[in-house]
Amino acid sequence: MEPGNEVSAFGWVKTRRDSKGLSFVQLSDGSTFNDLQVIVEAGVLDEATLKKLTTGACVRFDGLIVESPAAGQAVELKASGVEVFGEADPATYPLQKKGASFEFLREIAHLRVRGNTFGAVYRVRNRLSYAVHNFFQARGFQYVHTPIVTTSDAEGAGAMFYVSTNLGHDEKGYTLKNPNPAEDFFGKPAFLTVSGQLEAETLAMGLTNVYTFGPTFRAENSSTSRHLAEFWMIEPEMAFCSLEGDMNLAEEFLKEVINDALENCGADLDFFNKRIEPTLLETLTHVVNSPFERLTYTEAIKILENSGENFEYPVAWGTDLQSEHERWLTEVKVGRPVILTDYPKEIKAFYMRQNEDGKTVRAMDVLAPRIGEIIGGSQREERLDVLEARIEEMGLPKEAYWWYLDLRRFGSAPHAGFGLGFERLIMYVTGMKNIRDVIPYYRVPGNADF
Ligand code: ATP
Ligand code: MN
């Protein structure tokens with residue numbers, strides 16, 4: 001957009017302001033944070049057309065790019081004509097005022113993309129998706145697609161949604177046709193996946209380094225600012241990898257994708273820093289440039305016990321850390337991300353590799369300031385006898401894991417991986433406080449609208 005070029009600019013009107021015979025229109029097509037300022041001089045458009053240029057209207061302006069005399073933009077468009085594709089009646093268009101609350105904007109999630117905040121969130125989301133693929137592809141990882149519908153209900157990561165065609169309809173509404181899952185679509189109970197990990201492990205035992213990046217579902221009946229019922233998860237899985245390698249990859253991964261956002265989403269992040277989280281740029285730069293702290297769970301418990309803090313949930317060896325503990329460790333104690341390792345086996349999944357002490361497993365959680373847990377991972381148990389014993393000890397149905405155990409029966413290899421909730425990463429990078437505001441359409445108990 002060099003001065004002197006004749007152009008056509010398509011987009012939606014953000015605002016129009018009239019002053020001394022001139023109209024100033026802020027036009028956005030969502031491609032960048034910055035709007036295009038369009039100047040409409042008196043007499044260029046007839047009164048009736050000018051009236052249609054209201055907030056939300058969709059238009060094409062034709063005109064000349066000129067240097068802008070005002071601060072805020074280098075160039076502007078001097079309009080010579082306009083086509084209005086779609087008007088937006090100011091009396092009824094819901095997205096009128098600046099400063100509408102995020103709660104209100106969730107009710108008009110189909111329109112909120114047109115505001116500054118959500119345009120910026122979705123652009124950062126896009127860039128981070130690209131950075132995720134770049135990170136793994138540059139290291140030779142294969143992108144694999146694990147199933148979304150699964151009949152293995154035993155991954156243990158959370159409550160599952162039931163998938164069924166067992167729904168009829170009569171004049172009163174929906175009815176359940178047949179209570180027997182054996183006669184349902186898949187011939188047995190089927191669910192939406194809570195994690196692609198177990199299937200990703202099978203693919204790593206042949207492709208060596210793989211990753212998934214796809215939707216994941218958890219029917220967690222709690223409404224927090226960090227949980228969705230449908231979210232996107234990134235799960236690398238690596239053969240010939242120990243917990244150290246896993247932690248190194250997680251740290252490199254976070255640093256690289258955050259740095260990518262800093263380099264490529266400058267205007268959007270400046271906005272978040274100004275309007276949403278005043279320490280954002282400082283923290284992100286700090287995270288990229290400093291090593292993560294690494295502590296064992298046992299060390300962390302000692303630190304928490306001696307902290308002198310009055311936590312709502314008491315701390316004791318053997319209990320799971322609550323969000324308040326995780327946040328205190330990473331925000332107050334350390335001031336940057338912390339990786340905790342070697343958790344008690346009782347509070348972690350059956351597939352994590354057991355340590356020699358018989359009490360702890362090779363688990364790791366990456367905790368980040370403001371968010372708490374952002375990554376959960378582990379070295380996996382590759383020894384058939386130890387894994388079988390653990391499955392039995394936990395009272396899990398061993399037969400259901402026949403294919404997972406086969407990996408340990410035939411050509412087993414030490415391996416490790418982790419899961420990262422993509423929306424938690426976006427919260428971290430944008431400073432947005434509620435996970436419902438970093439995905440276009442959020443699903444939580446009681447809401448799957450749009
Ligand atoms: P939390 O304790 O925060 O519920 P979790 O221990 O259930 O997490 P994992 O099963 O280890 O989490 O899942 C891996 C990652 O997926 C987590 O580190 C987190 O980033 C993300 N995650 C988990 N549950 C959700 C959810 N309901 N909504 C969004 N992201 C989630
Ligand atoms: Mn959970």
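Quick note: residue numbers are just sequence positions, from 1. Hydrogens, waters and symmetry mates are skipped; everything else that's a heavy atom, side chains included, is used. This structure is a prediction, so every number in the text was calculated from the model and none was measured. We count ligands from 1, going down the list as the structure has it; atoms in each ligand are counted the same way.
The aromatic ring centroids of Phe231 and Phe217 lie 6.0 Å or more from each other.
For Arg139 and Phe135, the positive end sits near the middle of the six-membered ring, less than 6.0 Å away and at most 45° from its axis. For the pair Lys359 and Trp317, the distance from NZ or CZ to the six-membered ring centre is under 6.0 Å and the angle to the ring normal is within 45 degrees.
Close contacts between ligand 1 and Leu228 involve ligand atoms 26 (C), 27 (N), 28 (N), 29 (C) [criterion: under 4.0 Å to a heavy atom]. Heavy-atom proximity to Ile374, at under 4.0 Å, picks out these atoms of ligand 1: 18 (O), 20 (O). Near Ile435, meaning under 4.0 Å from one of its heavy atoms, ligand 1 places the atoms 29 (C). Taking a cut-off of under 4.0 Å to the non-hydrogen atoms of Ile375, the atoms of ligand 1 that pass are 18 (O). With ligand atoms numbered from 1 in the order given, ligand 1 contributes 15 (C), 16 (O), 19 (C), 20 (O), 21 (C) to contacts under 4.0 Å with heavy atoms of Gly421. Proximity to Arg226 (heavy-atom distance under 4.0 Å) selects the following atoms of ligand 1: 3 (O), 28 (N), 29 (C).
Considering all non-hydrogen atoms of both residues, Arg112 and Leu105 come closest at CD-O, 3.6 Å. Between Leu243 and Arg362, the shortest heavy-atom distance links the atoms CD1-O, 3.3 Å.
Within the structure, ligand 1 lacks Thr216 among the residues with a heavy atom less than 4.0 angstrom away. Between Glu220 and ligand 1 there is a heavy-atom distance shorter than 4.0 Å.
The only option from Glu201, Gln379, Glu382, Glu381 that meets the side chain to side chain donor-acceptor pair (under 3.5 Å) definition with His415 turns out to be Glu201.
Taking each of Gln322, Glu423, Met233, Glu373 in turn, the one with a heavy atom nearest to atom 16 (O) of ligand 1 proves to be Met233.
A salt bridge links Glu423 with Arg125: the closest approach of a Lys/Arg side-chain nitrogen to an acidic carboxylate oxygen falls below 4.0 angstrom.
Counting heavy atoms under 4.0 Å from ligand 1, residue Arg424 touches it through the side chain alone.
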